Amino acid sequence: QVQLVESGGGLVQAGGSLRLSCAHSGRPFSNYAMGWFRQAPGKQREFVAAITCSGSSTYYADSVKGRFTISSDNAKNTAYLQMNSLGPAETDVYYCAARFGVARAIDLVTSSGYDYWGQGAQVTVSS
């Protein structure tokens with residue numbers, strides 16, 4: 001069983017930055033691809049970014065390319081999402097997710113492609 005715990009959410013002004021962390025425990029972190037999704041009340045969960053278990057490939061939603069960066073640190077068993085130039089419309093609950101093993105891009109950009117989820121971190125961007 002894998003446990004994921006997000007941290008780093010909070011309140012930021014429009015144009016500001018936040019870095020989310022996702023601490024992974026229970027199974028070897030290096031065996032898992034990691035993803036970030038976000039969800040607003042009443043809306044579907046939306047793909048944000050993903051990184052393969054090797055760390056060699058990353059994927060981003062078009063809406064965040066050039067502003068968000070996903071990374072992982074095997075020594076700390078943690079994945080990160082650096083978010084810059086945030087806008088009010090990006091006020092959401094952000095979730096990290098883990099998928100075991102090698103995965104295709106198509107598997108990593110949909111929520112159904114993941115095996116484990118964190119509890120979510122609220123990000124609020126004020127205008």
Side-chain angles (χ1 to χ4, degrees):
Q1 192 74 2
V2 168
Q3 292 79 43
L4 302 174
V5 179
E6 298 99 335
S7 61
L11 174 65
V12 64
Q13 288 188 333
S17 299
L18 280 176
R19 188 177 80 156
L20 301 179
S21 300
C22 177
H24 176 289
S25 62
R27 297 280 172 84
F29 178 68
S30 60
N31 290 343
Y32 289 83
M34 301 296 295
W36 287 95
F37 289 74
R38 60 190 180 188
Q39 188 171 23
K43 293 188 177 181
Q44 286 190 332
R45 197 163 290 189
E46 174 190 27
F47 169 73
V48 176
I51 187 167
T52 55
C53 54
S54 67
S56 60
S57 296
T58 56
Y59 306 96
Y60 296 93
D62 288 342
S63 59
V64 307
K65 281 180 182 176
R67 299 186 298 118
F68 289 16
T69 303
I70 187 170
S71 61
S72 61
D73 186 334
N74 284 353
K76 295 184 178 181
N77 296 333
T78 301
Y80 302 96
L81 184 67
Q82 176 66 43
M83 304 184 292
N84 299 328
S85 301
L86 284 160
E90 296 177 300
T91 293
D92 285 317
V93 177
Y94 284 70
Y95 296 89
C96 73
R99 176 190 170 96
F100 178 78
V102 176
R104 303 168 298 170
I106 194 172
D107 296 319
L108 298 180
V109 300
T110 58
S111 58
S112 60
Y114 290 84
D115 304 308
Y116 301 97
W117 290 86
Q119 83 288 351
Q122 177 69 48
V123 171
T124 301
V125 186
S126 64
S127 57

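Source: prediction; values computed, not measured. The figures here come from the full heavy-atom set of this structure, side chains too, leaving out hydrogens, waters and symmetry mates.
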J.: Determine the minimum heavy-atom distance between Met34 and Cys22, stating which atoms define it.
T.: CE-SG, 3.8 Å
J.: Taking Tyr95 for the side chain and Glu6 for the main chain, is one N or O donor matched with an acceptor at less than 3.5 Å?
T.: no
J.: Determine whether Ile51 and Phe29 fall in the same hydrophobic cluster, where Ile, Leu, Val, Met, Phe, Trp and Tyr are linked whenever their side-chain heavy atoms lie under 4.5 Å apart.
T.: yes
J.: Name the residue from Thr91, Asp92, Leu18 that meets the side-chain contact (heavy atoms from CB on, under 4.5 Å) definition with Val125.
T.: Thr91
J.: Compare every heavy atom of Ile70 with every heavy atom of Trp36, then report the nearest pair and how far apart it is.
T.: CD1-CD1, 3.5 Å
J.: Between the main-chain N or O of Ser54 and the side-chain N or O of Ser56, is there a donor-acceptor pair closer than 3.5 Å?
T.: no
J.: Would you give the length of the straight line joining atom CD of Gln3 to atom CD of Gln119, rounded to the nearest 0.5 angstrom?
T.: 11.5 Å
J.: Please check: side-chain N/O of Tyr114 versus main-chain N/O of Leu108, any donor-acceptor pairing under 3.5 Å?
T.: yes
J.: Strictly distance-based, threshold 3.5 Å: is any side-chain N or O of Ser85 a donor or acceptor partner for the main-chain N or O of Arg67?
T.: no
J.: Hey, any chance Met83 and Val48 share a hydrophobic cluster, counting ILVMFWY side chains that come within less than 4.5 Å of each other, even indirectly?
T.: yes
J.: Check whether the ring centres of Tyr59 and Phe47 lie less than 6.0 Å apart, and answer yes or no.
T.: no
J.: Between Asn31 and Cys53, is there a side-chain heavy-atom distance shorter than 4.5 Å?
T.: no
J.: Nearest 0.5 angstrom please: Asn74 CG to Lys76 NZ, how far?
T.: 12.5 Å
J.: Could you check if a side-chain atom of Gln44 sits within less than 4.5 angstrom of a side-chain atom of Glu46, using non-hydrogen atoms only?
T.: no
J.: Consider only side-chain heavy atoms of I, L, V, M, F, W and Y, link residues closer than 4.5 Å, and tell whether Val12 and Val64 are in one cluster.
T.: yes
J.: Give me the atom names and distance for the closest heavy-atom approach of Val93 to Gly120.
T.: CG1-CA, 3.8 Å
J.: For Asp73 and Tyr80, which heavy atoms make the closest approach, and how far apart are they?
T.: CB-CE1, 4.0 Å
J.: So do the side chains of Phe68 and Leu86 get within less than 4.5 Å of each other, counting heavy atoms only?
T.: yes
J.: Report whether Leu4 and Val123 are members of the same hydrophobic cluster (ILVMFWY, side-chain heavy atoms less than 4.5 Å apart, transitive linking).
T.: yes
J.: What are the two closest non-hydrogen atoms of Leu20 and Gly8, and how far apart are they?
T.: CD2-C, 3.6 Å
J.: Parallel, tilted or perpendicular for His24 and Tyr32, by the 30°/60° rule?
T.: tilted
J.: Hey, are the side chains of Gln1 and Tyr116 touching, using non-hydrogen atoms and a 4.5 Å cut-off?
T.: yes
J.: To the nearest 0.5 Å, what is the distance between CD on Gln39 and OG on Ser111?
T.: 8.5 Å
J.: Within 45° of the ring axis of Phe100 and under 6.0 Å from its six-membered ring centre, is that where the NZ or CZ of Arg27 lies?
T.: no
